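What follows is one structure encoded as structure tokens, with my remarks underneath.
In the text below, chain A, chain B and the rest are named by the order of the sequence lines, each starting its count at 1. Since we're looking at a predicted model, the values are computed, not measured.
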Protein chains: 2
Amino acid sequence: MTVKIEAPGGRPRYLQLATTLVHEIRTGRYPVGGLLPTEFELCDQFGVSRFTVREAVKQLVQMGMVTRQPGVGSRVLAAAPVTQYTQTMSGITDLRQYAYETSLEIEGQALLEVQGELADTLDASPGETWLHVWGLRYTEAHDAPICMTDAYVAPAFRSVSGLSGRMTRALYAVLEEQFDLQIKTVHQDIRAVVLDKAAARRLDAKPGSAGLRLERRYLDARDELVELAISVHPADRFTYRESFRRDWQVSM
Amino acid sequence: MTVKIEAPGGRPRYLQLATTLVHEIRTGRYPVGGLLPTEFELCDQFGVSRFTVREAVKQLVQMGMVTRQPGVGSRVLAAAPVTQYTQTMSGITDLRQYAYETSLEIEGQALLEVQGELADTLDASPGETWLHVWGLRYTEAHDAPICMTDAYVAPAFRSVSGLSGRMTRALYAVLEEQFDLQIKTVHQDIRAVVLDKAAARRLDAKPGSAGLRLERRYLDARDELVELAISVHPADRFTYRESFRRDWQVSM
DNA sequence: GAGTGGTCTAGACCACGAA
DNA sequence: TCGTGGTCTAGACCACTCG
């Protein structure tokens with residue numbers, strides 16, 4: 001089937017084409033799990049150059065609806081946009097009170113044979129030996145701590161070195177460097193908790209006050225869990241702040 | 001100055017060029033606030049085609065270091081990457097217990113002449129009249145509410161209609177549709193709070209228990225605040241979940 | 001070996017901003 | 001009016017996957 005696409009002057013061709021493809025995916029012409037036509041086929045079908053086709057498919061990739069694989073093709077992942085925002089700015093932990101520079105004081109580390117609930121959380125087989133690292137994070141002023149952190153490092157990387165004293169780099173960054181791996185995905189869960197007596201003492205906060213609990217899973221390119229980090233912040237000393245930018249040009 | 005860039009076979013030219021440009025920006029050759037050479041000049045300097053130059057600069061744009069403006073040029077915004085992640089997946093509010101579908105029951109709305117602290121929060125002049133909308137959000141099962149929401153709509157959009165009963169769409173989406181505007185940026189602050197008696201009663205939670213407070217600012221293309229939404233969730237009924245993907249190919 | 005997506009070239013026209 | 005970045009064409013070679 002050949003479809004005419006408007007001449008230049010209006011909306012760019014590649015956006016029109018992207019909109020069309022989104023519509024055709026949503027209506028089931030290209031089912032989830034299947035392949036789109038090849039780039040050259042799309043060129044023929046729509047009478048446009050390969051550049052235009054590639055720009056169009058790039059939009060779908062950006063929306064998380066399609067992946068491309070050299071030698072294989074463009075596979076449909078979802079019938080609706082998965083990605084909400086295309087850019088996440090201003091890091092992952094900003095602080096109130098303009099205290100941006102922080103450091104983690106390592107209190108200890110130990111090899112840990114994971115069992116039961118922790119094994120479930122780590123999606124690990126019971127008996128695997130992970131590295132457990134814990135400590136407190138301070139601002140530069142180094143008054144009261146802004147969080148307590150427990151991190152669990154996967155067996156493959158438990159030989160990581162240099163984890164002691166005052167760390168100014170993130171643990172995952174150390175792992176990336178020492179093991180030549182690349183963190184590709186981060187899953188984050190945020191909850192509110194009530195600080196129990198032990199936690200309150202460590203954080204120099206009042207027992208029964210609120211805390212912000214962040215749980216982060218760092219995954220590599222093969223979606224293997226590299227590190228799990230859990231940090232608990234006293235509510236009055238920490239606000240988690242993030243910014244998103246939406247970049248969509250494909251009208252739905 | 002002419003710089004040789006490796007022939008094909010190794011790292012793609014556009015990534016090499018991007019790395020070079022990042023380095024030159026960081027070392028001050030192209031100062032923050034200034035313009036990069038034009039695309040054609042970069043073509044000459046590096047002996048590559050415009051395609052390669054554009055792909056390279058696109059990397060810097062993705063990192064938040066550069067913006068491009070037709071008719072003007074490519075302006076340097078920052079000497080280091082600003083963007084941490086290139087994709088934010090799985091929406092902005094996921095729930096525990098597999099309760100994904102929620103609806104907001106509007107309890108009331110009223111025009112509000114903002115003053116004092118609220119005016120500051122909204123970055124508005126005292127006396128401006130905003131629209132205040134509030135309600136409770138329920139899961140499909142419709143048992144206890146999962147959050148209470150207060151939203152403030154900028155004067156320009158306070159005539160929004162259709163805000164009543166049970167809403168299944170986000171307020172910002174309604175605004176986007178009715179006023180043909182596009183939300184470009186969202187700033188989000190997340191804190192833990194302790195629920196006071198009034199909040200606990202509304203949320204059907206225990207006074208003194210913890211709550212998760214999300215504050216979201218929706219900005220349009222001109223960075224004007226369109227809506228401020230504040231929602232408070234009982235800690236035991238809600239976990240905020242998000243996923244990020246890092247997509248960087250430029251080695252620093 | 002045939003076909004895929006990834007990279008790259010050398011052109012071209014356009015809308016827009018600045019002088 | 002001139003130069004900018006945005007879009008677009010028609011080619012090309014490559015590494016890779018798969019039969």
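Defined by atom type and a distance below 3.5 Å, a donor-acceptor pair is present between the side-chain atoms of A:Arg11 and A:Thr19. For the residue pair B:Tyr240 / B:Gln188, a side-chain donor-acceptor distance below 3.5 Å is found, with atom types taken as modelled.
Of all heavy-atom pairs between B:Val76 and B:Pro31, the closest is CB-O, 3.6 Å. B:Lys58 and A:Lys58 make their closest contact through NZ-NZ, 3.9 Å (heavy atoms, listed as atom of the first residue, atom of the second, distance).
Per the geometry, CG belonging to B:Asp44 stands 13 Å off P belonging to C:dT9, to the nearest Å. In this structure, B:Phe51 atom CZ and D:dG5 atom P are separated by 17 Å, rounded to whole Å. Separating the CD atom of A:Gln59 from the P atom of D:dG6 is a distance of 13 Å, rounded to the nearest angstrom. One atom, CZ of A:Arg75, and another, P of C:dT4, lie 14 Å apart when rounded to the nearest Å. Put simply, OH on B:Tyr14 is 18 Å from P on D:dC14, counting in whole angstrom units. At whole-Å resolution of the value, CG in A:Leu36 and C1' in C:dG3 are 16 Å apart. Atom C1' of nucleotide C:dT7 and atom NZ of A:Lys58 are separated by 11 Å, given to the nearest angstrom. Here the P atom of nucleotide C:dT9 and the CZ atom of B:Arg54 are 14 Å apart, to the nearest Å.
Side chain of A:Val72, nearest nucleotide from D:dG5, D:dC18, C:dG6: D:dC18. For A:Thr52, the side-chain atoms get nearest to D:dT9 when compared with the rest of C:dT7, D:dT9, D:dG5. The B:Val48 side chain lies nearest to C:dT9 when the options are C:dT9, D:dC8, C:dC8.
No hydrogens or angles were tested; on distance alone, nothing pairs the side chain of A:Arg13 with the base of D:dT9 as donor and acceptor under 3.5 Å. For C:dT7, its base sits under 3.5 Å from the side chain of A:Arg50 at one donor and acceptor pair at least.
Between B:Ser74 and D:dG5 there is a side-chain N or O to OP1 or OP2 distance below 4.0 Å. The side chain of A:Ser49 contributes no N or O atom lying less than 4.0 Å from OP1 or OP2 of D:dG11.
Residue order along DNA chain D, read from the 5' end via each residue's closest nucleotide, puts B:Thr38 first among B:Thr38 and A:Leu15. The residue among B:Glu55 and B:Phe40 whose nearest nucleotide of DNA chain C is located toward the 5' end is B:Glu55.
Within the 4.0 angstrom heavy-atom criterion, only backbone atoms of the sugar-phosphate kind lie near A:Gln69; the bases stay farther away.
Between B:Tyr85 and B:Phe244, the two ring planes are parallel [angle under 30°; tilted spans 30° to 60°].
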